[in-house]
Amino acid sequence: MKRISSLFLALSLSLPALAHDHNNVEVLHWWTSGGEARSVDTLKELMKHEGHVWKDFAVAGRAGESAINTLRIRALSGNPPDAAQIKGPEIQEWGKLGFLASLDDVAKQQHWNELVPRRVSDYLKVDDHYVAVPFNIHRVNWLWANTDVLNKVGVQPPQTLDDFFAVAENIKAAGYIPLALGNEPWQETTLFELIALSVMGTEAFHQAFIEQDSNALTSEKMRETLKVFRRMKQYTDADAPGRNWSDTTSLVINGKAAMQMMGDWAKGEFLAAGKEAGKDFLCITAPGTANQFSFNIDSFVFFKNGASQTTESQKMLAKLILEPDFQREFNLSKGSIPVRVDIDMEGFDACAKDSMQAFLRAAATDNLVASLSHNMAIGRASQFALFDVISRFFNDDNVDIDETMRHIRAAVLADKL
Ligand code: GAL
């Protein structure tokens, strides 16, 4: 009896230590490339410094598609992680199902209402309660170019789609890959989006993909977009199948390819490889989209959790993400711009400064566009369906344009069903 009670005593004495072990937060995300890992490591360190344990659950692949599939399986079997990288309209989907913890007290304490632009905070709330914390604002409509390759070929960075085709011809003739592209559906859809922005213009793009207007989705402008998209294929290389986005960026970094059209997380790869903006590589807006800003906001949500220690860790994580020092550190290496309006851009490179200017300009002229290929415009079901349609069209020259337009319409409208 005495032995049992001393065992209980020993156990209860060790309880605080055990509880302390639970002072951790399991985080599901897809930031696994060189640049991404570098950026998120800063946050892991900060958590450690605050006495919390970051349990990493990174799922690589397909710009989050693999991570989200894993998340679904875990959440539906009653075992969600404590935090997860979810963004755009999908935040609403999870929130409405009652999975997400409220962040209202952190938001109040840290004054999120004053720090985060309204266009951003709308995404973070469900029924007017904060349930997500934002990291950054990525601009998707960029073209990245290897300076050396352009110089050797003797061409200027393309400003318009016509320029692009002229320049690409010369680059091809000189033996380089003009356009680096991996044939994952989301990479192809990113290219499609940037062409659509250019060909359709902001208003028609908005009507089609944001307002989900049936006529706009099958308009002549959509047909033209698909034609230009198909025409670009001849400037990509034969090894595209299965190539992920960061290996694709490496082709430009290493001078095998001249250009890549990709969001500014690509800059993170150039920086991680020790390259300098303006010298080794150029950031130019995707052809014909100088006035537009296709935005992609990364955010974390937190799953409801009964354990008070975990809740504390979750709140600490949410708070750290919006701390000014982290906002600078993270965005300097991630390629995006800070999401807080009060961060000084001193020390950021020309690409980031350009991006900030472009964001403000686009906001003032109604040229801010929620990214179609990065889960900001449409929900998950539509997103996956659209990826399939776009990829099938791009990879098979026999797929009919009219049929594809009907499929695009069906994919985008799937959200409304
Ligand atoms: C996007 C994400 C970016 C970037 C990219 C590639 O969806 O918003 O932060 O990491 O995927 O992984």
Side-chain angles (χ1 to χ4, degrees), residues 27-43 56-71 83-91 120 123-124 132-142 144 180-194 243-250 252-253 260-272 283 293-301 321 326-327 329-339 351-352 355 359 369-380 382-384 386-387:
V27 185
L28 186 146
H29 65 93
W30 65 86
W31 284 330
T32 53
S33 78
E36 291 170 335
R38 219 160 71 106
S39 314
V40 82
D41 275 351
T42 324
L43 192 53
D56 203 44
F57 186 17
V59 182
R62 302 186 287 173
E65 206 178 314
S66 314
I68 296 293
N69 286 338
T70 311
L71 176 65
Q85 188 183 351
I86 294 184
K87 56 190 166 131
E90 217 175 349
I91 295 171
V120 176
Y123 280 102
L124 311 173
V133 57
F135 281 79
N136 56 359
I137 302 175
H138 271 302
R139 188 182 196 188
V140 182
N141 53 318
W142 282 115
W144 306 92
L181 182 73
N183 93 336
E184 293 177 313
W186 76 269
Q187 290 186 54
E188 293 158 345
T189 308
T190 302
L191 180 62
F192 169 82
E193 169 180 343
L194 304 192
R243 189 165 55 212
N244 70 34
W245 72 272
S246 52
D247 288 346
T248 305
T249 307
S250 294
V252 183
I253 295 176
Q260 181 186 20
M261 287 198 229
M262 184 50 68
D264 42 22
W265 46 93
K267 192 180 81 181
E269 299 308 300
F270 284 95
L271 300 180
C283 50
F293 192 113
S294 162
F295 66 88
N296 174 22
I297 298 155
D298 288 312
S299 46
F300 272 6
V301 297
I321 292 170
F326 174 71
Q327 281 285 306
E329 278 300 306
F330 179 82
N331 287 300
L332 276 169
S333 52
K334 186 71 168 66
S336 37
I337 53 174
V339 71
C351 304
S355 189
F359 181 79
V369 188
S371 172
L372 175 67
S373 50
H374 289 275
N375 313 91
M376 299 306 295
I378 52 182
R380 247 321 133 171
S382 281
Q383 184 81 82
F384 284 172
L386 186 71
F387 283 167

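The shown structure was predicted, so the numbers you read here are calculated from the model rather than taken from an experiment. Both ligands and their constituent atoms are indexed starting at 1 by order of listing.
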Task: Close side-chain approach of Trp31 to Asp298, heavy-atom, < 4.5 Å - done: yes
Task: Nearest heavy-atom neighbours spanning Thr248 and Leu181 - done: CG2-N, 3.4 Å
TODO: Would you name the heavy atoms of Glu65 and Arg380 that are closest together and state the gap between them?
DONE: CA-NH1, 4.2 Å
Task: Contact (N/O only, under 3.5 Å) between Gln85 and ligand 1 - done: no
Task: Any N/O pair Lys334/ligand 1 closer than 3.5 Å - done: yes
Quick test: of every protein heavy atom, which one is nearest to [atom], and how far off is it to 0.1 Å?
| atom | result |
| --- | --- |
| atom 11 (O) of ligand 1 | Trp30 NE1, 3.3 Å |
| atom 6 (C) of ligand 1 | Glu36 OE2, 3.2 Å |
| atom 7 (O) of ligand 1 | Lys87 NZ, 2.9 Å |
| atom 8 (O) of ligand 1 | Asp298 OD1, 2.6 Å |

- [ ] Specify whether Phe359 and Phe293 have parallel, tilted or perpendicular ring planes, treating 30° as the upper limit for parallel and 60° as the lower limit for perpendicular.
- [x]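 Perpendicular.
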Open item on the list: Using 30° and 60° as the class boundaries, would you call the ring planes of Trp265 and Trp186 parallel, tilted or perpendicular?
Closed with: tilted
Just jot down the ligand 1 atoms closer than 4.0 angstrom to any heavy atom of [X], in number order.
| X | result |
| --- | --- |
| Trp31 | 9 (O), 10 (O) |
| Asn296 | 1 (C), 2 (C), 8 (O) |
| His374 | 1 (C), 7 (O) |

Task: Carboxylate-amine/guanidinium contact Glu184 Arg62, below 4.0 Å - done: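 The answer is no: the pair does not qualify as a salt bridge.
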Task: Rounded distance (nearest 0.5 Å) linking atom CD of Gln383 with atom CD1 of Ile68 - done: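 That separation rounds to 10.5 Å.
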